[in-house]
There are 2 protein chains.
Amino acid sequence: MRKEHNLTKNQKIIFDLIDKSPQPLKAYSILYNVQKKGIKAPLQVYRALDKLVEIGKIHKIESRNAFIACHNSSCQVAKATAFSICEICEKVTEISSAGLSKYLANFKDKDGMKYSKYNLEFFGLCKKCTLK
Amino acid sequence: MRKEHNLTKNQKIIFDLIDKSPQPLKAYSILYNVQKKGIKAPLQVYRALDKLVEIGKIHKIESRNAFIACHNSSCQVAKATAFSICEICEKVTEISSAGLSKYLANFKDKDGMKYSKYNLEFFGLCKKCTLK
DNA sequence: AATTTAATTGTTATAATATAACACTATGTA
DNA sequence: TACATAGTGTTATATTATAACAATTAAATT
Ligand SMILES: [Zn+2]
Ligand SMILES: [Zn+2]
Ligand SMILES: [Zn+2]
Ligand SMILES: [Zn+2]
């Protein structure tokens with residue numbers, strides 16, 4: 001069971017916005033959307049984002065510089081993430097596959113490096129865009 | 001066998017720099033290093049980087065906004081990349097594992113999305129940093 | 001409750017990363 | 001040559017992210 005984190009005011013405002021969004025949001029688009037709630041500066045947004053990423057409530061899509069809420073209860077607090085990204089409509093989905101996470105968690109390279117974390121991004125066309 | 005690409009002047013200057021570097025280089029550090037060779041503006045660097053990524057001579061490490069030369073002859077022209085990243089010394093190594101690429105190339109999520117590309121970044125401590 | 005410690009906030013300024021737009025040049029091909 | 005395609009040089013600007021510092025709030029300890 002995930003530890004409950006009590007979000008602060010700014011964290012909650014920003015998490016709620018990301019959580020309601022069907023697609024990942026970028027930091028300055030978040031800023032624009034929360035200005036009416038009193039969050040006026042980039043740093044206020046980035047600080048909340050950093051914390052939310054740290055506690056696993058959201059993830060950063062690195063190739064897009066955008067943030068999405070975690071919808072995968074088995075994702076171990078931001079330590080093991082996988083996404084599919086449609087290159088046309090930019091729809092992003094968090095992948096939750098026990099097989100995949102097991103395979104990657106146990107993967108060892110030949111240098112014997114010990115991994116504590118990974119991030120995997122698949123790119124392609126979503127079903128909708130394939131049909132077009 | 002990979003198709004040979006004839007690099008242009010700027011592309012060659014920038015590829016050579018990246019290829020000689022033991023660690024990934026960032027765009028503006030590249031710019032600084034090639035100014036004496038006549039490349040004066042960010043766009044000149046980014047255009048060469050874009051092309052080099054496209055033809056698979058270099059890869060972008062997304063989580064670091066940095067570029068590394070491809071040292072993996074089996075990597076299918078930037079379509080299937082995997083790296084290990086040391087969180088202390090920032091050493092980055094391209095992983096070439098037939099098992100891993102086979103597993104990921106064949107991975108299908110439950111939405112049946114068709115993937116044409118993936119990028120995987122593992123994080124942890126390299127051997128040297130583990131011993132410290 | 002009072003103290004003290006850590007986390008968060010608000011603010012201004014600035015750094016770092018990346019692209020738009022436009023005129024021009026080289027290269028390959030019919 | 002004529003045309004198409006890709007690359008270049010340049011200026012300006014957009015986008016993403018952090019530094020530094022003072023003030024405030026929340027949480028833990030006494
Ligand atoms: Zn998740
Ligand atoms: Zn799509
Ligand atoms: Zn490669
Ligand atoms: Zn290391």
Side-chain angles (χ1 to χ4, degrees), chain A residues 3-18 21 23-68 78 85 87 90 92 119 121, chain B residues 3-18 21 23-68 77 85 87 90 92 119 121:
Chain A
K3 182 182 179 307
E4 261 315 308
H5 286 272
N6 298 311
L7 301 185
T8 64
K9 180 162 85 38
N10 288 2
Q11 288 162 11
K12 187 155 183 2
I13 290 170
I14 286 170
F15 175 71
D16 286 346
L17 182 69
I18 296 172
S21 169
Q23 70 278 105
L25 295 178
K26 312 198 114 201
Y28 277 72
S29 128
I30 292 169
L31 175 59
Y32 178 80
N33 275 282
V34 297
Q35 277 178 331
K36 47 183 162 304
K37 305 216 170 174
I39 296 178
K40 291 181 203 137
L43 245 198
Q44 295 174 287
V45 173
Y46 279 104
R47 286 197 282 226
L49 290 174
D50 284 351
K51 190 66 186 186
L52 291 167
V53 166
E54 185 193 325
I55 64 182
K57 300 280 287 181
I58 65 173
H59 303 301
K60 181 173 186 181
I61 310 300
E62 292 287 355
S63 66
R64 299 300 187 257
N65 298 317
F67 299 85
I68 192 174
I85 303 172
E87 290 184 296
E90 292 292 325
V92 173
N119 178 57
E121 299 181 5
Chain B
K3 181 180 179 307
E4 259 316 306
H5 287 273
N6 298 310
L7 302 184
T8 64
K9 180 162 87 37
N10 288 1
Q11 288 161 13
K12 186 154 183 7
I13 291 170
I14 286 171
F15 175 71
D16 286 346
L17 183 69
I18 296 173
S21 170
Q23 71 278 103
L25 295 178
K26 313 198 115 204
Y28 277 72
S29 128
I30 291 169
L31 175 58
Y32 178 81
N33 275 283
V34 296
Q35 277 179 330
K36 49 183 160 302
K37 305 215 171 178
I39 296 177
K40 292 183 201 134
L43 246 198
Q44 295 174 288
V45 173
Y46 280 104
R47 285 197 283 224
L49 290 174
D50 284 352
K51 189 64 185 188
L52 291 168
V53 166
E54 184 194 327
I55 65 181
K57 300 280 287 180
I58 65 172
H59 303 302
K60 181 173 187 182
I61 309 300
E62 292 287 356
S63 65
R64 299 299 188 258
N65 299 317
F67 300 85
I68 192 174
V77 185
I85 302 171
E87 290 184 297
E90 292 291 328
V92 173
N119 179 57
E121 297 181 4

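Every chain is numbered from 1, with letters handed out A, B, ... down the list of sequences. Side chains are part of it too, since the values below use all heavy atoms of this structure and drop only hydrogens, waters and symmetry mates.
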Check: Reckon Asn65(B) has a side-chain N or O less than 4.0 Å from the OP1 or OP2 of dA18(C)?
Finding: yes
Notebook entry, point to check: Could you give the distance from NZ (Lys40(A)) to CG (Leu31(A)), rounded to the nearest 0.5 Å?
Noted result: 11.5 Å
Notebook entry, point to check: For Arg47(A), what residues pass the salt bridge (charged side-chain N to carboxylate O under 4.0 Å, His left out) criterion, not counting sequence neighbours?
Noted result: none
Check: Nearest 0.5 Å, what's the CD-CD1 distance between Glu90(A) and Ile61(A)?
Finding: 10.5 Å
Next item on the list: State whether Gln44(A) places a side-chain N or O below 4.0 Å from either non-bridging phosphate oxygen (OP1 or OP2) of dG10(C).
Entry: yes
Next item on the list: Would you indicate whether the side-chain heavy atoms of Ile58(A) and Phe67(A) approach each other to under 4.5 Å?
Entry: yes
Check: Would you say Thr8(A) reaches dA7(C)'s phosphate, i.e. side-chain N/O to OP1/OP2 under 4.0 Å?
Finding: no
Would you list the protein and nucleotides 26-30 of chain C atom pairs, both N or O, that sit under 3.5 Å from each other?
none

Item checked: Partners meeting side-chain hydrogen bond (donor to acceptor under 3.5 Å, both in side chains) with Asp50(B) (sequence neighbours left out) -> none
Notebook entry, point to check: Can you tell if the side chain of His59(A) reaches within under 4.5 Å of the side chain of Val53(A), non-hydrogen atoms only?
Noted result: no
Next item on the list: Return the value, rounded to whole Å, for the distance between atom CZ of Arg64(A) and atom C1' of dT17(C).
Entry: 16 Å
Next item on the list: Using only heavy-atom distances, decide whether a donor-acceptor pair under 3.5 angstrom links the side-chain of Tyr28(B) to the base of dA18(C).
Entry: yes
Checklist line | Distance in angstrom units between Tyr46(A) OH and dT9(C) C1', rounded | finding: 18 Å
Notebook entry, point to check: For DNA chain D, what residues of residues 30-43 of chain B have any heavy atom nearer than 4.0 Å?
Noted result: Lys40(B), Ala41(B), Leu43(B)
Margin query: Run the side-chain hydrogen bond (donor to acceptor under 3.5 Å, both in side chains) test against Lys37(A) and tell me which residues pass, sequence neighbours left out.
Written below: none
Checklist line | Opening and closing nucleotides of DNA chain D in contact with chain A, under 4.0 Å to non-hydrogen atoms | finding: dT16(D) to dA20(D)
Margin query: Check this one for me: any side-chain N or O of Lys26(B) less than 4.0 Å away from OP1 or OP2 of dA15(C)?
Written below: no
Next item on the list: Could you list the residues that satisfy salt bridge (charged side-chain N to carboxylate O under 4.0 Å, His left out) with Lys9(B), not counting sequence neighbours?
Entry: none
Note to self: Working to the nearest 0.5 angstrom, can you tell me the gap between Ile18(B) CD1 and Ser29(B) OG?
What the structure shows: 9.0 Å
Next item on the list: Only counting residues at least two apart or in another chain, list the ones meeting side-chain hydrogen bond (donor to acceptor under 3.5 Å, both in side chains) with Glu121(A).
Entry: Ser63(A), Asn119(A)
Note to self: Taking the side chain as everything from C-beta on, heavy atoms only, tell me whether Ile55(B) gets closer than 4.5 Å to Leu7(B).
What the structure shows: yes
Notebook entry, point to check: Lys12(A) has an atom NZ; how far is it from atom P of dT9(C), in whole Å?
Noted result: 13 Å
Next item on the list: Using five pairs at either end of the helix from dA1(C)-dT30(D) to dA30(C)-dT1(D), determine the angle between the two local helix axes and round it to 10 degrees.
Entry: 50°
Notebook entry, point to check: Looking at residues at least two apart in the chain, or sitting in another chain, which of them share a side chain to side chain contact (heavy atoms under 4.5 Å, CB included) with Tyr32(A)?
Noted result: Gln35(A)
Note to self: From CZ of Phe15(A) over to C1' of dT8(C), roughly how many Å is that when rounded to an integer?
What the structure shows: 19 Å
Item checked: First encountered from the 5' end of DNA chain C, between Asp50(B) and Gln11(A) -> Gln11(A)
Margin query: In the structure I gave you, are the side-chain heavy atoms of Ile30(B) and Leu49(B) within less than 4.5 Å of one another anywhere?
Written below: yes
Next item on the list: Go through the structure and list residues passing side-chain hydrogen bond (donor to acceptor under 3.5 Å, both in side chains) with Thr8(B), not counting sequence neighbours.
Entry: Gln11(B)
